[in-house]
Asker: 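Supplied in structure tokens, the structure appears directly below.
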Amino acid sequence: MRQNRVLVLDTHRRPLMPCHPARARQLLKAGRASVFRRYPFTIILRERDGGDVQATQLKLAPGSKTTGVALVAEFQRGKTVVWAAEIQHRSDQIRQALLRRRMLRRGRRYRKTRYRKPRFDNRRRPEGWLPPSLMSRVHNIETWVTRLRRWAPITHLSMQLVSFDTQKLQYPEISGEEYQQGTLYGYEVREYLLEKWGRKCAYCGADNVLLEIDHVIPRSRGGSNRVSNLVLACHRCNQAKGSQLVEEFLAHDEARLHQIQAQLKLSLRDAAAMNATRWAVFRQLKDTGLPVEAGSGGRTKYNRFSQGYPKAKWIDAACVGESGQYVGLDTQMQVLTIVAKGHGKRQRCITDKYGFPRSHAPSSRSYMGFRTGDLVQAHIPRGKYTGTHVGRIVIRHRPSFQLNGFNVHPKYLKVLQRGDGYGYAME
């Protein structure tokens, strides 16, 4: 399995072309380079000032839960993916935290244990304001675009502008004055169904087969074209179901029937989130001053299918736009998974489930030189967990930290990389 290339900096921390991992090992072993950063793995050369670089494009495929990232370099043999990653967002965690906070505040007001009356929506919001759960996606992408520009010789940017027309998805017959924005309805419905049903047959679960759109309630029995009445089915199941209701077709499999009925009621929240954030991301990329290429989801899918690549977020990123038509990549490439973890919380007063103060967090966020989120290496000489362990720590304000699910004394720890709000893993 091919690995990501290693990012390289010269003596003055200016980005050079990424090198093969074997070449990086040679430089480190010979003492000509040092480790600059563990994730993404980056080395800094000790006696190198500048060098020739090829044009490198940073390509993005933003998603509701995961964003694909790919660095595509233009070599003489063609465009090649040299580094790839997938960023996992924490929007759902932020949303749940805001809901809990709102419930606690409302509970205090209803019990009249807080003097201030509710303000409701009497505050002005700046132009382009987005909820924190959506803005976190934009900030994650902005952060990694800024970082990768420091570590790689990026000359161009490219992103996928996906647009899910939620109004058209709900009401296909809408037209005229009720509907002013034209879209590719056929593509939108099929792409939405592929995401909703996990690219599998809803009836038998078959994947990697040609899928057809099927009506849960057939048109011959009064069914509509509304997206909540549509599923994906393989050709065999589609033909076998015919004009039957799904309850008749799956009468022998109640578990599958209940699963389909629950899936049909899923909301369009993810599609709405993508619509709300796509232009905010695009504006952030334009502010970098680099040329920005924007491509549609249809073009990305066409490029991926025409080159025979499987579905993956980082592969979608490599295939974005016109520049993604001829891109070489290894489908088994071991890419970096970046998980947004946040930088802790500002809440000082810890409350119980009723909203009453229970304890107070310490004012200092560090203890004995460590902070929660630091990537550390632990050398434990004896005991149940004897050996070497690597991971992110959770500190306490006493010499007993949490590492990979067990307690460890800080005297056994060595910092490999300071916490930066993200967790890392290789897939």
Side-chain angles (χ1 to χ4, degrees), residues 1-4 6-7 21 24-25 28 34-43 65-69 83-97 100 136 139-140 143-144 147-148 151 312-314 332-348 350 358-427:
M1 182 180 292
R2 193 163 70 91
Q3 295 179 334
N4 275 338
V6 176
L7 305 180
R25 285 193 295 270
L28 292 171
S34 300
V35 176
F36 181 77
R37 186 180 174 89
R38 297 278 177 167
Y39 293 99
F41 195 76
T42 308
I43 63 174
K65 294 182 173 61
T66 305
T67 292
V69 182
W83 188 89
E86 293 185 350
I87 305 172
Q88 296 181 7
H89 303 294
R90 60 189 295 266
S91 303
D92 289 341
Q93 300 175 32
I94 294 174
R95 179 174 177 272
Q96 292 300 322
R100 287 194 297 270
S136 69
H139 287 159
N140 289 339
T143 294
W144 279 98
R147 290 182 178 183
L148 290 173
W151 304 327
K313 272 295 181 181
W314 69 273
Q332 299 300 317
M333 187 172 180
Q334 189 178 25
V335 303
L336 180 65
T337 299
I338 303 169
V339 184
K341 297 289 188 180
H343 295 273
K345 56 185 179 181
R346 292 177 292 178
Q347 181 182 0
R348 299 290 90 191
I350 311 301
R358 180 170 56 86
S359 61
H360 288 78
S363 58
S364 175
R365 293 193 177 187
S366 62
Y367 184 75
M368 296 182 67
F370 298 93
R371 295 186 66 169
T372 295
D374 288 347
L375 180 68
V376 300
Q377 186 178 54
H379 295 285
I380 303 178
R382 59 186 177 275
K384 181 178 179 181
Y385 299 102
T386 300
T388 302
H389 307 268
V390 176
R392 298 175 78 247
I393 59 165
V394 178
I395 70 165
R396 299 189 182 102
H397 284 261
R398 60 180 186 272
S400 177
F401 296 168
Q402 281 263 332
L403 174 65
N404 298 341
F406 60 89
N407 296 334
V408 60
H409 196 284
K411 67 182 180 180
Y412 299 128
L413 301 180
K414 174 186 176 183
V415 176
L416 300 179
Q417 181 171 297
R418 289 296 178 184
D420 60 355
Y422 295 90
Y424 304 93
M426 298 298 295
E427 287 190 358

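Quick note: residue numbers are just sequence positions, from 1.
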Asker: First locate atom CG of Leu336, then atom CD1 of Ile87, and finally report the distance between them rounded to the nearest 0.5 Å.
Answerer: 9.5 Å
Asker: So how far is it from Gln377 CD to His389 NE2, rounded to the nearest 0.5 Å?
Answerer: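 The distance works out to 10.5 Å.
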Asker: How close do Arg348 and Ser363 get, counting heavy atoms only, and between which atoms?
Answerer: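 Closest approach of Arg348 to Ser363, heavy atoms only: NH1-CA, 3.8 Å.
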Asker: With heavy-atom distances below 4.5 Å as the criterion, would you say the side chains of Val390 and Leu416 are in contact?
Answerer: yes
Asker: Could you check Val408 against Tyr385 for side-chain contact (heavy atoms from CB on, under 4.5 Å), going step by step and ending with a plain yes or no?
Answerer: CA-CA 9 Å; Val408 60; Tyr385 299 102; over 6 Å; no
Asker: If I compare all heavy atoms of Ala340 with all of Asn140, which pair ends up nearest, and what's the gap?
Answerer: CB-ND2, 3.7 Å
Asker: In Å, rounded to the nearest 0.5 Å, how long is the span from CH2 of Trp144 to CH2 of Trp151?
Answerer: 5.0 Å
Asker: Where do Thr42 and Arg147 land on the side-chain contact (heavy atoms from CB on, under 4.5 Å) test, with the steps shown first?
Answerer: CA-CA 12 Å; Thr42 308; Arg147 290 182 178 183; over 6 Å; no
Asker: Do Phe406 and Lys384 come close enough that some side-chain heavy atom pair is under 4.5 Å?
Answerer: no
Asker: Side-chain contact test, heavy atoms from C-beta onward, threshold under 4.5 Å: evaluate it for Arg392 versus Val339 and give yes or no.
Answerer: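 A side-chain contact is absent here, since even the closest heavy-atom pair is not under 4.5 Å.
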Asker: Quick one: does any side-chain atom of Asn4 pair with a main-chain N or O of Val335 as donor and acceptor, under 3.5 Å?
Answerer: no
Asker: Of the non-hydrogen atoms in Pro381 and Tyr412, which two are nearest, and what is the gap between them?
Answerer: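 Heavy-atom minimum between the residues: CD-CE2, 3.4 Å.
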Asker: Report yes if some heavy atom in the side chain of Leu148 is under 4.5 Å from a heavy atom in the side chain of Val69; otherwise report no.
Answerer: yes
Asker: Within the structure provided, determine whether Leu403 and Leu413 are in side-chain contact (heavy-atom separation under 4.5 Å).
Answerer: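 Contact flag for Leu403/Leu413 side chains = yes.
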Asker: Nearest 0.5 angstrom please: Gln417 CD to Arg37 CZ, how far?
Answerer: 4.0 Å
Asker: Start with the C-alpha distance between Phe401 and Asn407, add both sets of side-chain angles, then the distance that settles side-chain contact (heavy atoms from CB on, under 4.5 Å), and finish with yes or no.
Answerer: CA-CA 5 Å; Phe401 296 168; Asn407 296 334; over 6 Å; no
Asker: Are Thr143 and Tyr422 close enough, and set up right, to give a side-chain contact (heavy atoms from CB on, under 4.5 Å), and what steps lead you there?
Answerer: CA-CA 11 Å; Thr143 294; Tyr422 295 90; 3.8 Å; yes
Asker: Using a 4.5 Å cut-off on heavy atoms from C-beta on, say whether the side chain of His397 contacts that of Ser364.
Answerer: yes
Asker: Counting C-beta onward and ignoring hydrogens, is there a side-chain heavy-atom pair between Lys411 and Met368 closer than 4.5 Å?
Answerer: no
Asker: CD of Gln347 to NE2 of His360: how many Å apart, nearest 0.5 Å?
Answerer: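 Interatomic distance, Gln347 CD to His360 NE2, rounded to 0.5 Å: 9.5 Å.
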Asker: Grab the two heavy atoms, one from Arg365 and one from Ile395, that are nearest each other, plus how far apart they are.
Answerer: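 In this case the closest contact between Arg365 and Ile395 is O-CD1, 3.4 Å.
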Asker: Is there a donor-acceptor pair closer than 3.5 Å between any side-chain N or O of Asp374 and the backbone N or O of Arg418?
Answerer: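 Here the side-chain-to-backbone pair does not exist.
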Asker: If every non-hydrogen atom of Val6 is compared with every non-hydrogen atom of Pro21, which pair is closest and at what distance?
Answerer: CG2-CA, 3.9 Å
Asker: Once you round to the nearest 0.5 Å, how far does CD1 of Ile393 lie from OG1 of Thr372?
Answerer: 6.5 Å
Asker: What are the two closest non-hydrogen atoms of Gln402 and Arg396, and how far apart are they?
Answerer: NE2-NH2, 3.2 Å
Asker: I'd like to check Lys345 versus Ile350 (side-chain heavy atoms, cut-off strictly below 4.5 Å). Are they in contact?
Answerer: yes
Asker: Testing Glu86, His89, Lys313 for side-chain hydrogen bond (donor to acceptor under 3.5 Å, both in side chains) with Thr67, which one passes?
Answerer: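 Per the side-chain hydrogen bond (donor to acceptor under 3.5 Å, both in side chains) rule, the option paired with Thr67 is His89, out of Glu86, His89, Lys313.
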Asker: Please work out whether the ring planes of Tyr39 and Tyr424 are parallel, tilted or perpendicular, with thresholds of 30° and 60°.
Answerer: parallel
